[in-house]
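One structure below.
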Amino acid sequence: MVRMMMQSAGTWFTSEDGKTVTVADNAPLKEAFETIKAMKDAGIVKDSSSWETFTSAFQNGDVWSVPTGCWISPTIQQKADQSGKWTVVKFPRLDKSENATNFSACGGGGWYVVAGKDNNDVAKDFLKKTFASDAELMNQLVTDISLVSTLKAAADTENYKLPSAFFGETPVYENFSNWSNEIPSVNYGLHTYLVGDIVVKQLQQYLNGTDLATALDTAQKEAEGKAK
């Protein structure tokens, strides 16, 4: 949630160089902390500690929204009796932050070829000719496995434009593709998860009563010491 809120306003844990830690004075990050605390204080958030408790929360009707990446849609659709009860909307926009948008990312769109292994060139060529260029394959996979492709041309294919009965006859996959073009670009750098873990610990401290500035200053200093 913190990462999604930050990226929706075009900022990250680090500056544009992907190295300089920008936690303490990061306005969208501050607002993300405040927003999460406000939601928890209002009693509208259900905590989960595992993938199983996370998915069961919405599959069993314990929560009414799932603000995360589009890759969650196949899991939501596993409960056929909920067809027509769901829809897909843009990401909520931060109120205070400059350059705030209704668009963000939450992983799931990257493909990697492991260095130092045999047949690297073959693997790269496979990705180039399939997920990186084959719009018709993406057209088929959206039907077979509800794949949301990062290939822009996928949005123009027939199956992407079809309305989804499960999601209230909304063309969700066409929307996903079009919205992805509006996501602010950031440099994730090399230490996203390292700094993210530090920030999450301080978010917990903030939720337990630590002053916001103190929590972010602490995260800044610790991240500067480790993210080198």
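Positions are given from 1 along the sequence. Keep in mind that this is a model prediction, so the values were computed, not measured.
- In this structure, the side chains of V2 and V200 stay at 4.5 Å or more apart for every pair of heavy atoms.
- The hydrophobic cluster containing V66 also contains F103, counting ILVMFWY residues as joined when their side-chain heavy atoms lie under 4.5 angstrom apart, directly or transitively.
- Atom-to-atom distance recorded for L203:CG and N208:CG is 9.5 Å, nearest 0.5 angstrom.
- Closest of all the heavy-atom pairs between D62 and S56 is OD2-O, 4.2 Å.
- A heavy-atom distance below 4.5 Å is not found between the side chains of T101 and E182.
- Sorted pairs that involve residues 136-155 and meet ring-ring contact (aromatic ring centres under 6.0 Å, His included), not counting sequence neighbours, are lacking altogether.
- With sequence neighbours excluded, the residues that form a side chain to side chain contact (heavy atoms under 4.5 Å, CB included) with Q140 are D144.
- Cluster annotation: M4 and L207 are assigned to the same hydrophobic cluster (Ile/Leu/Val/Met/Phe/Trp/Tyr, side-chain heavy-atom contacts under 4.5 Å, transitive).
- Proximity of a side-chain donor or acceptor of S97 to a complementary backbone N or O of A100 within less than 3.5 Å is not detected.
- Residues passing the ring pair (Phe, Tyr, Trp, His ring centres under 6.0 Å) test with W71: none are found, sequence neighbours excluded.
- Side-chain contact annotation: E136 with N139, donor-acceptor N/O pair under 3.5 Å present.
- Considering every non-hydrogen atom in both A115 and N120, the closest pair reads CA-ND2, 3.7 Å.
- Y112 and L147 end up in different hydrophobic clusters when Ile, Leu, Val, Met, Phe, Trp and Tyr side chains are linked at under 4.5 Å.
- Within a 6.0 Å sphere centred on CG of D25, heavy atoms belonging to other residues, nucleotides or ligands number 12 at most.
- Of the inter-residue distances, the one linking K161 atom NZ with N159 atom CG reads 11.5 Å to the nearest 0.5 angstrom.
- A distance of 8.0 Å separates CD in Q202 from CG in L216, rounded to the nearest 0.5 Å.
- Judged as a side chain to side chain contact (heavy atoms under 4.5 Å, CB included), and not counting sequence neighbours, the contacts of Q82 are K79, W86, F166.
- Closest approach of T55 to E52, counting heavy atoms only: OG1-O, 3.2 Å.
- L137 and L162 are assigned to two separate hydrophobic clusters, defined by single-linkage of ILVMFWY side chains at heavy-atom distances under 4.5 Å.
- Here the shortest heavy-atom pairing between Q220 and V23 reads OE1-N, 2.8 Å.
- At a threshold of 4.5 Å between non-hydrogen side-chain atoms, the residues H191 and T14 do not count as touching.
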task = Would you sort out whether M39 and I44 count as a side chain to side chain contact (heavy atoms under 4.5 Å, CB included), showing the intermediate values?
result = CA-CA 6 Å; M39 291 192 296; I44 60 173; 4.1 Å; yes
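- Atom NZ of residue K201 and atom CG of residue D197 lie 6.5 Å apart, to the nearest 0.5 angstrom.
- With values rounded to the nearest 0.5 angstrom, K30 atom NZ is found 10.5 Å from K96 atom NZ.
- Counting only distance, with no hydrogens or angles, the side chain of S83 and the backbone of A80 share no donor-acceptor pair below 3.5 Å.
- Side-chain atoms of T75 and Q59, non-hydrogen and from C-beta on, do get closer than 4.5 Å to each other.
- Contact check for T35 versus M5: side-chain heavy atoms found under the 4.5 Å cut-off.
- When T214, T218, T210 are each tested for a side-chain contact (heavy atoms from CB on, under 4.5 Å) with Q205, only one passes: T210.
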task = Begin from the C-alpha positions of T157 and M138 and carry the test side chain to side chain contact (heavy atoms under 4.5 Å, CB included) through to its verdict.
result = CA-CA 8 Å; T157 62; M138 301 305 102; 5.8 Å; no
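- Screening residues 32-70 for ring-ring contact (aromatic ring centres under 6.0 Å, His included), with sequence neighbours left out, gives F33-Y206, W51-F54, F54-F58.
- With a 4.5 Å cut-off on side-chain heavy atoms, V21 and F13 do not count as touching.
- Judged as a side chain to side chain contact (heavy atoms under 4.5 Å, CB included), and not counting sequence neighbours, the contacts of N102 are K90, R93.
- Checked by atom type and distance alone, the side chain of D211 pairs as donor or acceptor with a backbone atom of A213 at under 3.5 Å.
- In this structure, E169 contributes its side chain and P163 its backbone to no donor-acceptor pair below 3.5 Å.
- Here the SG-OH distance, from C70 to Y173, works out to 9.0 Å after rounding to the nearest 0.5 Å.
- Between the side chain of T170 and the backbone N or O of V172 there is no donor-acceptor pair closer than 3.5 Å.
- For the residue pair V186 and T11, the shortest heavy atom distance occurs at CG1-O, 3.8 Å.
- Side chain of S177 to backbone of E174: no donor-acceptor contact under 3.5 angstrom is found.
- Between the side chain of S133 and the main chain of K128, a donor-acceptor pair closer than 3.5 Å is present.
- The shortest non-hydrogen separation linking S104 to F91 is CB-CD2, 4.2 Å.
- There is no path of hydrophobic side-chain contacts, each under 4.5 Å, that joins V199 to Y193.
- Using a 30° and 60° split on the angle between ring planes, F126 and F131 fall in the perpendicular class, above 60°.
- With hydrogens and angles ignored, the 3.5 Å screen pairs no side-chain donor or acceptor of Q7 with any backbone N or O of W12.
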